[in-house]
Amino acid sequence: MSDPVGEKSLGPDGLPRCPWALSAPDYLAYHDEEWGRPVHGDDALFERLSLEAFQSGLSWITILRRRPGFRAAFADFRIADVAAFTDADRERLLTDTGIIRNRAKIDATLANARVLAEWKPGELDTLIWSHAPEEPGPVPRTLADVPAVTKESTALAKTLKKQGLRFVGPTTAYALMQACGLVNDHLEKCAARETP
């Protein structure tokens, strides 16, 4: 097991990081600038929800490196625009080499946009953030201390599915919660842990 506070976990600036952040420059930038910071806004949360669904079964670096392609292909994840995509748009997505061309995930993203387009502004934001834990969990010291699923992520997934959204299981919901700052899973000694 790697030591989360040892030399192997020091970034190029000499500060400690979560070990996963040091495996690629893309990861380091994402870790330091985005992961675990609060995300609000329906379109922004729709993007994160969609990308987490595309990530299912793949490494996050695969999605991260294709994020510009995803944004271009899915109209910057503006819910109203994606909800208006036609069959021709779907066919275009299925041949777009800038994204992950998984039919089920593409169909889920389009279907989710159509569901969310019927919601009131701010409703997705409110729903997701209503599932943030009331009390922070224990501060993880090692990656083994970080859960994959929690009671809150299970409840969030259940609520989203009940509302008609697809590809939102408890693990995907927890990854969303981590990425969007509902929980802080930066390791105890990580320099980014106290960054708002």
Side-chain angles (χ1 to χ4, degrees), residues 21 26-56 58 60-85 89-90 93 96 98-100 105-137 150 152-186 192-196:
D26 311 66
Y27 267 157
L28 183 60
Y30 175 69
H31 169 273
D32 286 0
E33 298 165 18
E34 294 185 62
W35 192 75
R37 294 193 183 188
V39 173
H40 286 282
D42 293 343
D43 292 342
L45 288 165
F46 172 60
E47 175 184 0
R48 302 318 193 283
L49 187 63
S50 300
L51 293 178
E52 292 296 348
F54 273 100
Q55 187 269 329
S56 180
L58 302 170
W60 179 244
I61 197 76
T62 301
I63 302 303
L64 195 57
R65 288 178 174 160
R66 292 184 185 210
R67 189 162 56 168
F70 274 107
R71 287 176 170 167
F74 285 97
D76 286 323
F77 290 96
R78 290 182 301 272
I79 293 169
D81 292 347
V82 178
F85 276 17
D89 289 306
R90 179 179 177 271
L93 292 168
D96 190 332
I99 66 170
I100 304 301
K105 294 174 182 180
I106 289 170
D107 288 347
T109 303
L110 301 180
N112 290 347
R114 291 182 190 116
V115 168
L116 295 173
E118 300 297 318
W119 292 19
K120 294 175 185 168
E123 193 171 349
L124 178 62
D125 189 305
T126 299
L127 185 150
I128 288 175
W129 277 90
S130 74
H131 288 80
E134 290 183 20
E135 297 291 331
T150 62
E152 292 88 0
S153 75
T154 300
L156 175 57
K158 184 176 180 181
T159 302
L160 291 171
K161 285 181 181 179
K162 188 175 179 181
Q163 296 294 327
L165 298 183
R166 295 159 47 183
F167 256 98
V168 286
T171 303
T172 297
Y174 193 66
L176 174 76
M177 293 171 77
Q178 291 174 304
C180 295
L182 281 75
V183 295
N184 183 351
D185 278 344
H186 286 286
R193 177 154 185 89
E194 302 304 322
T195 304

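Note that the numbering runs from 1 along the sequence shown for the chain.
A 4.5 Å side-chain heavy-atom check between Leu156 and Tyr174 finds every atom pair outside the cut-off.
With Asp96 contributing its side chain and Gly98 its backbone, the two residues share a donor-acceptor pair below 3.5 Å. Looking at Ser153, its side chain does come within 3.5 Å of a backbone N or O of Pro170 through a donor-acceptor pair. For the pair Asn112 (side chain) and Arg166 (backbone), a donor-acceptor distance under 3.5 Å is present. Side-chain atoms of Arg37 come within 3.5 Å of backbone N or O of Asp32 as a donor-acceptor pair. Here the side chain of Lys105 pairs a donor or acceptor atom with the backbone of Ser56 at under 3.5 angstrom. Distance alone, capped at 3.5 Å, places no donor-acceptor pair between the Thr126 side chain and the Glu123 backbone. Side-chain atoms of Asp125 never come within 3.5 Å of backbone atoms of Asp42 as a donor-acceptor pair (strictly under, hydrogens ignored). In this structure, the side chain of Tyr30 does not engage the main chain of Trp35 through any donor-acceptor pair within 3.5 Å. Between the side chain of Arg67 and the backbone N or O of Ile63, no donor-acceptor pair lies under 3.5 Å.
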Phe85 and Phe74: side-chain contact (heavy atoms from CB on, under 4.5 Å), yes or no, with the steps? CA-CA 9 Å; Phe85 276 17; Phe74 285 97; 4.2 Å; yes
For Arg71 and Asp76, what are the C-alpha separation, side-chain angles and deciding distance, and is it a side-chain contact (heavy atoms from CB on, under 4.5 Å)? CA-CA 4 Å; Arg71 287 176 170 167; Asp76 286 323; 3.5 Å; yes
Evaluate Lys158 against Lys161 for side-chain contact (heavy atoms from CB on, under 4.5 Å), listing each step before the verdict. CA-CA 5 Å; Lys158 184 176 180 181; Lys161 285 181 181 179; 5.9 Å; no
Given Gln163 and Trp119, is the side-chain contact (heavy atoms from CB on, under 4.5 Å) satisfied, shown in steps? CA-CA 10 Å; Gln163 296 294 327; Trp119 292 19; 3.5 Å; yes
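The two residues Val82 and Leu110 come nearest to each other via the heavy atoms CG1-CD2, 3.8 Å.
The side-chain hydrogen bond (donor to acceptor under 3.5 Å, both in side chains) test with His186 singles out one residue from Glu194, His31, Arg193, and that residue is His31.
The aromatic rings of Phe77 and Phe46 sit perpendicular, their planes meeting at an angle over 60°, well past the 30° parallel limit.
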